[in-house]
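Step one of this worksheet: look at the structure below.
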Amino acid sequence: MLIQITLPDGAVREYASGTTIEAIAESISPGLRKNAIAGKLNGKVVDVYHPIEESAAVEIVTLDSKDGLEVYRHSTAHLMAQAIKRIYGNKEVKLGIGPVIEDGFYYDIDIVNPLTPEDLKKIEKEMERIIQENLPISRRVISREKALQIFGDLEDPLKLELINDLPEGVELTIYDQGEFFDLCRGPHLPSTGRIKAFKLLSVAGAYWRGNSDNKMLQRIYGTAFPKKAQLDEHLHFLEEAKKRDHRKLGKELKLFMFSDEAPGMPFYLPNGTTLRNELEQFARRLQIEREYKEVRTPFIMNQRLWEQSGHWEHYHENMYFTEVDDNKFALKPMNCPGHMLIYKNDLHSYRELPIRIAEFGQVHRHEFSGALNGMMRVRTFCQDDAHLFVLPSQIEEEISKVISLIDLIYQVFGFSYRVELSTRPEDSMGDPALWDQAETALKNVLDAKGIAYRVNEGDGAFYGPKIDFHILDALKRSWQCGTIQLDFQMPEKFDLNYVGEDNQKHRPVVIHRAVYGSIDRFIGILTEHYAGAFPAWLSPVQAKVIPVSIAFEGYVTEVTEKLLAAGIRVEADQRNEKLGYKIREAQLEKIPFMLVIGENERSSDTLSVRKRGEGDIGTHDIDATIQMILQEIRNKA
RNA sequence: GCUCCCAUAGCUCAGUAGGUAGAGUGCAUCCAUGGUAAGGAUGAGGUCACCGGUUCGAAUCCGGUUGGGAGCUCCA
C-alpha cells in the first residue's frame, strides 16, 4: 500500500506504508539521511526508526533545529545515566528524571555516596567509551504491568512512582541502548555514537519532584552540543559570565560589601552609594514629570496594621517582628499599607484622582539563608515603589502610562525585556468576579499597546493580578524587575474612599508599580550587564586627572577644581608614581575619562584625554573637555 | 530551611605524610622624577572564621556553630 508524505516545502511524495523517517530522509538526499536524528510526524517529534503507516506531514529533524538539539541533549542525559550505572552499579543507582533544560540537561539520581567533581570526570570518561561503542538506541512499547515488573525488578522506587502517576491510556515506552534502558517518552538519537561534544558541569542536591518533603536526590547538570567548537564557545561564555559576576566586581570596584553581622544585607560603600543615588535621581525626575508625589513611611509599624492588610495571613513567614513597650511591631516587607494610611490621612474628591504616591521604600523580608545571593537576593532592599489611587475608569490609561515609563527607563540601559501576565493564585483574596475584571483590564492594555506577553496562570499576588517585566542579564538569566499590580483588595481592607460627583463615597482602585523592582538587585544586574564599566552618568568616578609627574601639582589642582565646579565627579591622582602605573590603575577602576597632564598641557592650558574603550583621543582645551564629559553624562550612553 | 562543597595577611591564593605559616598584590618608608596598562629596595601586617574533641603536638583529623558558594523551594 502506498501512502502520501507531505514535506515542509509542500512537496508530496509516495512511499510504501511502514516506511520510516530514516528512509524518507535517504530518499531526499544521502546527506540528509546522515544528518537526520529524528523526525516530525504531523508535528510530533518521533525517532528516525518510527514506522509511518498512513499518509502524513513529515519533517526531517536535524541537529540544526531546536527540536533536534533537544533530542540530542536528552540522549546525552541517557548516556550519562548509563555511564553512572556502569560505574556505581545497576541497582545501586536509582534514576529520577533526566530532562532537557535551557542550555543542557540534568539527571536526578539517588545514590548513596555524594558525587564529587572527580566522579564527574570518571563519568565523562565512561560516557566517551559508550559513544565509542556506538550502541544503537531503540524504542519499545510496553504495558503498564510489564513496566511495573521491570522497574520493580530493578528496585527503582522513583521510576515506579512515575509509572504509577502516569495517566491511564498513555503509551509507555522504554528506550534501550546496550545493557541500559530507561523509561522515556523519547524520541532519541539513532545511536550513542552520534553524540560528539558534551561536558558535565556540576552536581547539587535537588528534592525529588521539587518538593522539600521528599527525599533529596543528586542532580548532575551537563550540556551537549553537536560540534566541539560550539561546546567550547558555550564554556567560554560561562567563563566570561563568571568574570562579570556582580559579587566579584562589586568587591573589586568597591561598590558594596557584606558582613557576617548582617547576612543578606548589603552595605553601600561610597562608590555604590553614588551609583544608587544616580539611579534614584533618574527615576525621581521622571516621576515628578509624571505627577507622582514622593513620600517616606516608617520601617516599623504596629502588627495590627499587617493583620488588617492581609500580610500577616499571607506573608508572616517572611516578616521580621519586634516588641516595644508590650506592643507587637513588624518591620515592613512592603510599602503598601503605609501608603494606604497616607491616602486615608485626607478626604479625597474624585477630582483629585489619580493620586500617585511614590517611595524609595526600604523593606525587610526574611529569605531562606540558602536563597541569599549577592545583591540579587537579599533580606533588605529598596523598592522604587509607587501606589496609584485611581477611579475605575482611569485604570487602563494609568497602566498604559506606567508601561511607557518602564519602557523608557529600560531603553536607557539597553535592556531587552519580556512581559508576563500573572493571574489569580490559589491563596487569593477577594471576589473571583473582581479578579476576572482586573485580569481583563490588564489584558486590554497590553493588547491595545500591541505588546507580546506570556500568561502565567496562578502566579499573581494574593491581592491582585499583575504584569511583570523580565530583563535578561549577562548570564542570560531572566530577572523580574518591573511590576504592575492591580489591587481591588487593599482599598476594601483599608476602607479607602473618595467623594464622587454624586456626593457619595466610592472605592478607588489601587495600582502598585515598580520599575527597578529592587534597586539593590538592579545594581547587581547593571554591574553584570556593563561588566563593571558603567556609563559615565552612573560611574562613581567620572574622570581622573593624572599628571605625568609631581611637577604639575598646581595645574592638576586647578583643572580638578574646574571639573568639580562643573558638577563632574573627578579625582586627581597626585601620587608619586609613573604615568603608566597610574593609567593602568584607572583603567582597572574602569574610569570613563583619564585626563593626562604634563609640560605640554600646562603650557597650553589643555588636557590630553584618554577615553575608556578608545584610548588616547588627543589634546583638548579644558572647557571643551568639560563640555564633552558633560555631554556624555547627559546622554546616559 | 534542606543536600553537597568551601573558609589561611585588606585582596587573590600556595601550604597534598599532623611538628605553631608563605607568595603575589595592596599598605608604610626610602631611592628613582617619569608621556598613555605594573621602576627598585626595605619593612609592617595572620589567635589559619568561631567553639569543642582526638593527639606529646592541629591551619591540617573529628564534631558543632557562623558565614559564603552550587542547587532545591519561594519571590523583587
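Each chain gets a letter, A, B and so on, in the order its sequence line appears, and its residues count up from 1.
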Between [atom2] of [N] and [atom1] of [X], the distance in whole Å:
X	N	atom1	atom2	value
A/Lys254	B/U12	NZ	C1'	13 Å
A/Met257	B/G10	CE	C1'	12 Å
A/Asn373	B/G1	CG	P	16 Å
A/Asn335	B/A76	CG	P	13 Å
A/Asp110	B/C72	CG	P	18 Å
A/Leu120	B/G71	CG	C1'	14 Å

Nearest-angstrom distance, [atom1] atom, [N] to [M]:
N	M	atom1	answer
B/U55	B/A17	P	23 Å
B/A59	B/A7	C1'	11 Å
B/A49	B/U8	P	6 Å
B/U42	B/A21	P	22 Å
B/A58	B/G1	P	32 Å
B/G19	B/U60	C1'	11 Å
B/G18	B/G40	P	39 Å
B/A70	B/U12	P	15 Å

Subject >> Quiz item: A/Arg377 side-chain donor-acceptor pair to B/C75 base, under 3.5 Å >> reply: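 Per atom types, the contact qualifies.
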
Do any N or O atoms from the side chain of [X] and from the backbone of [Y] form a donor-acceptor pair under 3.5 angstrom?
X	Y	value
A/Arg379	A/His366	no
A/Arg612	A/Phe534	yes
A/Lys199	A/Gly222	no
A/Tyr410	A/Gly482	yes
A/Tyr292	A/Leu388	no

**OP:** Name the orientation class of the two ring planes belonging to A/His246 and A/Phe256 (parallel below 30°, tilted from 30 to 60°, perpendicular beyond 60°).
**Re:**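 Judged by the thresholds at 30° and 60°, the geometry between A/His246 and A/Phe256 is tilted.
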
**OP:** Indicate the ring-plane relationship of A/His339 and A/His387, choosing parallel, tilted or perpendicular according to the 30° and 60° boundaries.
**Re:**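 If you compare the ring of A/His339 with that of A/His387, the planes turn out perpendicular.
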
Subject >> Per A/Tyr207 side chain, nearest of listed nucleotides B/C2, B/U12, B/A70 >> reply: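 Of B/C2, B/U12, B/A70, B/C2 is nearest to the side chain of A/Tyr207.
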
Original post:
Which listed nucleotide (B/C72, B/C2, B/C75) is nearest to the side chain of A/Met216?
Top reply: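 Closest nucleotide among those given: B/C2.
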
Subject >> Worked verdict on A/His529 versus A/Phe413 for ring pair (Phe, Tyr, Trp, His ring centres under 6.0 Å) >> reply: CA-CA 9 Å; A/His529 183 63; A/Phe413 303 103; 7.9 Å; no

Original post:
Using a cut-off of 4.0 Å between protein heavy atoms and nucleotide atoms, how would you tag nucleotides 25-40 of chain B 5' to 3' with B, S and -?
Top reply: -S-----BBBBBBBB-

**OP:** Find out whether the Lys NZ or Arg CZ of A/Arg73 is both under 6.0 angstrom from the six-membered ring centre of A/Phe105 and within 45° of the ring's axis.
**Re:**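 No, A/Arg73 does not lie over the aromatic ring of A/Phe105.
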
Could you tell me whether [X] contacts a base, only the sugar-phosphate backbone, or nothing, with contacts defined as non-hydrogen atoms closer than 4.0 Å?
X	result
A/Val203	nothing
A/Gly374	sugar-phosphate
A/Gly210	sugar-phosphate
A/Ala371	base
A/Gln218	nothing
A/Gly517	nothing
A/Lys611	nothing
A/Lys251	sugar-phosphate
A/Phe258	nothing

Original post:
Nearest nucleotide by nearest heavy atom, which residue falls closer to the 5' end of RNA chain B, A/Ala262 or A/Gly460?
Top reply: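 Final value for this comparison: A/Ala262.
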
**OP:** Name the residue closer to the 5' end of RNA chain B, choosing between A/Trp208 and A/Thr483 according to the nucleotide with the nearest heavy atom.
**Re:**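 With A/Trp208 and A/Thr483 compared, the 5'-side residue is A/Trp208.
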
Original post:
If you take all heavy atoms of A/Leu253 and A/Leu588, which pair is closest and at what distance?
Top reply: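 Closest pair (atom of A/Leu253, atom of A/Leu588, distance): CD2-O, 4.0 Å.
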
Subject >> A/Arg290 side, atom CZ; A/Leu408 side, atom CG - distance, nearest 0.5 Å >> reply: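 The distance works out to 6.0 Å.
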
Original post:
Is there ring stacking between A/Phe381 and B/A76, where the centres must be under 5.5 angstrom apart and the planes under 30 degrees?
Top reply: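 A stacking contact exists, since A/Phe381 sits close and nearly parallel to the base ring of B/A76.
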
Subject >> Side-chain H-bond candidate by donor/acceptor type, A/Gln362 with A/Thr380, under 3.5 Å >> reply: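 The answer is yes; a qualifying pair exists.
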
If the cut-off is 4.0 Å, is [X] near the phosphate of [N], judged by side-chain N/O to OP1 or OP2?
X	N	result
A/Arg219	B/C72	yes
A/Ser202	B/A70	no
A/Gln480	B/A76	yes

Original post:
What pattern of brackets, bars and dots sums up RNA chain B from 5' to 3', given Watson-Crick or G-U wobble pairs under 3.5 Å, [ ] for crossing pairs and | for another strand?
Top reply: (((((((..((((.....[..)))).(((((.......))))).....(((((..]....))))))))))))....

